[in-house]
Q: 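Pasting in a structure now, in structure tokens, and then I'll have a few things to ask.
Labels below follow one simple rule: chain letters A, B, ... track the order of the sequence lines, proteins then strands, and each chain is numbered from 1.
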Protein chains: 2
Amino acid sequence: MNNKVDVDQLIASQLQTVGQRYTNNRRRLISILLRSSKPLSINQILDMDPELAQSSAYRNLTVLEEAGSIARIVTSADHARYELAEEILEHHHHIICSPCGEILDFRLSDNIEEALESSLQEIADQLGFTLDTHRLDLIGTCTLCKDNS
Amino acid sequence: MNNKVDVDQLIASQLQTVGQRYTNNRRRLISILLRSSKPLSINQILDMDPELAQSSAYRNLTVLEEAGSIARIVTSADHARYELAEEILEHHHHIICSPCGEILDFRLSDNIEEALESSLQEIADQLGFTLDTHRLDLIGTCTLCKDNS
DNA sequence: TGCAATAATGAGAACCGTTCTCATTCTTAA
DNA sequence: TTAAGAATGAGAACGGTTCTCATTATTGCA
């Protein structure tokens with residue numbers, strides 16, 4: 001799923017399913033997210049492609065999120081961040097630097113992830129919830145911010 | 001730590017540490033959170049005590065958060081939610097209904113929690129992060145929202 | 001107790017990330 | 001080629017939260 005052609009095809013079909021086109025602007029957003037190894041804020045996205053209009057970027061990020069192609073990550077930082085959906089990036093978690101808002105991805109070992117997931121499913125069943133997904137975030141301070149304090 | 005007197009003493013000292021007073025308005029906020037079994041939005045808090053002014057409530061929730069007495073939970077729902085800090089409630093996680101934004105607390109079994117934590121510490125070390133805490137959220141749909149759809 | 005000095009309060013204004021509006025441009029399908 | 005519908009982008013509007021500032025309450029000190 002790290003082949004650009006496959007990703008494009010998947011996103012095209014995801015968009016089609018919700019009655020949306022895979023337009024040039026949406027391709028540019030996907031291309032930026034594909035090139036990044038971490039979730040990006042709207043400003044980081046606009047900096048990487050100054051031709052993008054802010055309002056269109058927001059609208060298209062919302063469309064892509066509704067199509068299930070990207071995920072919006074909301075933290076207490078001022079801006080939301082966006083990354084490709086787990087269907088593309090594979091299931092993973094986030095480590096968040098609270099001083100600067102920077103987010104990195106990480107994965108748990110398979111056995112921990114599996115033990116966790118079956119435990120979570122059990123809990124959701126008990127509470128009568130239908131589970132869509134889970135998210136696990138580490139909150140701390142990155143090396144850079146530690147040095148600057 | 002579910003004894004109201006102990007909680008009050010802890011919070012008084014937490015506030016004192018950051019140079020803040022345990023005023024009447026702050027006591028009222030804590031009292032509301034103590035009476036709730038789940039995180040509350042600002043509107044739920046104001047509904048439970050209509051004497052509270054919105055601007056003061058926001059300010060005092062921020063003060064209490066800075067003192068480490070309460071935690072603010074930010075999700076993609078429109079309002080943030082607040083609950084007593086883990087020092088008071090004990091470590092726990094959240095199950096979030098994405099249609100309605102409602103949040104319930106839950107706890108993992110000790111052995112899963114411990115395995116998870118040591119795994120997370122290892123990851124943070126590898127990435128050069130100093131870890132403050134972690135959060136684990138289940139995202140899904142509660143019984144009520146399921147029935148109404 | 002009385003009296004500054006300082007902190008907290010609350011009504012409303014301001015802020016700012018995000019969403020909406022609408023006139024224009026682009027795509028699509030026949 | 002053209003008409004209908006979708007996407008675009010500049011700027012206005014929205015709304016949750018934070019800030020301002022005049023007023024009120026509290027504290028420390030004589």
Q: With a cut-off of 6.0 Å (strictly less than), are more than 12 heavy atoms of other residues, nucleotides or ligands near CD of A/Glu86?
A: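 Yes, enclosed.
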
Q: Let's see if you can work this out: which of C/dT9, D/dA7, C/dC20 has an atom nearest to the side-chain heavy atoms of B/Asn60?
A: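 So the side chain of B/Asn60 is nearest to C/dT9.
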
Q: Starting at atom CZ of B/Arg26, determine the distance to atom P of D/dT26, rounded to an integer number of angstrom.
A: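 That distance rounds to 12 Å.
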
Q: What's A/Asn24 touching, base or sugar-phosphate or nothing? Going by heavy atoms closer than 4.0 Å.
A: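 Nothing, no nucleic acid heavy atom in range.
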
Q: Tell me the interatomic distance from B/Arg27, atom CZ, to C/dA8, atom C1', rounded to whole angstroms.
A: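 These atoms are roughly 14 Å apart.
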
Q: Would you kindly give the CD-to-C1' distance between B/Glu51 and C/dG10, to the nearest whole Å?
A: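 My rounded result for the distance is 13 Å.
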
Q: Remember a base hit wins even if backbone is also touched, and classify A/Ser56 as base, sugar-phosphate or nothing at under 4.0 Å, heavy atoms.
A: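 Base, at least one base atom sits under 4.0 Å.
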
Q: Nearest nucleotide by nearest heavy atom, which residue falls closer to the 5' end of DNA chain C, B/Gly19 or B/Ser55?
A: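 On the 5' side of the pair lies B/Gly19.
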
Q: Whole-Å distance between D/dG15 C1' and B/Asp78 CG?
A: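 Between C1' of D/dG15 and CG of B/Asp78: 9 Å.
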
Q: With respect to the side chain of A/Arg21, which nucleotide from C/dT28, D/dG16, C/dT18 is positioned closest?
A: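 Of all the options, the side chain of A/Arg21 is nearest to C/dT28.
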
Q: Hey, are the side chains of A/Leu52 and A/Asp49 touching, using non-hydrogen atoms and a 4.5 Å cut-off?
A: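 The answer is yes; the side chains approach within 4.5 Å.
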
Q: Give B/Thr23 one of three labels, base, sugar-phosphate or nothing, depending on what nucleic acid heavy atoms sit under 4.0 Å from its own.
A: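 Sugar-phosphate, backbone atoms only, no base.
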
Q: If the cut-off is 4.0 Å, is B/Arg72 near the phosphate of D/dT18, judged by side-chain N/O to OP1 or OP2?
A: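 Yes, B/Arg72 has a side-chain N/O under 4.0 Å of OP1/OP2 on D/dT18.
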
Q: Got a donor-acceptor contact below 3.5 angstrom from the B/Glu102 side chain to the B/Cys142 backbone?
A: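 Side chain of B/Glu102 to backbone of B/Cys142: no pair is present.
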
Q: Rounding to a whole Å, what distance do you find between A/Leu61:CG and D/dG9:C1'?
A: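 One finds 15 Å between C1' of D/dG9 and CG of A/Leu61, rounded.
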
Q: Counting the atoms with a prime plus P, OP1 and OP2 as sugar-phosphate, which does A/Asn25 contact under 4.0 Å by heavy atoms, base, sugar-phosphate, or nothing?
A: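 Sugar-phosphate, no base atom in range.
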
Q: What is the distance from CG of A/Asp49 to P of D/dT8, rounded to the nearest Å?
A: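 The answer, rounded to whole Å, is 13 Å.
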
Q: With respect to the phosphate group of D/dT17, does any side-chain polar atom (N or O) of B/Tyr58 fall under 4.0 Å of OP1 or OP2?
A: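 True: B/Tyr58 side-chain N/O within range (under 4.0 Å) of D/dT17 OP1/OP2.
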
Q: Please tell me which of the listed nucleotides, D/dT26, D/dA10, C/dA11, lies nearest to the side chain of A/Arg59?
A: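 The closest nucleotide is D/dA10.
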
Q: Give a yes or no on whether the ring-centroid distance for B/His134 and A/His93 is below 6.0 angstrom.
A: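 No, they do not, as the ring centres are separated by 6.0 Å or more.
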
Q: Hey, does A/Gln54 reach any base, or is it just sugar-phosphate, or nothing, if we go heavy atoms under 4.0 Å?
A: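 Base contact.
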
Q: Here's a test for you: under side chain to side chain donor-acceptor pair (under 3.5 Å), which of B/Lys38, B/Arg81, B/His79 qualifies with B/Gln44?
A: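 Only match with B/Gln44 under side chain to side chain donor-acceptor pair (under 3.5 Å): B/Arg81.
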
Q: Separation of A/Leu52 atom CG from D/dA7 atom C1', in whole Å?
A: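 One finds 14 Å between C1' of D/dA7 and CG of A/Leu52, rounded.
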
Q: What integer distance in Å separates A/Leu46:CG from C/dT18:P?
A: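 So the CG-P distance, A/Leu46 to C/dT18, works out to 11 Å.
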
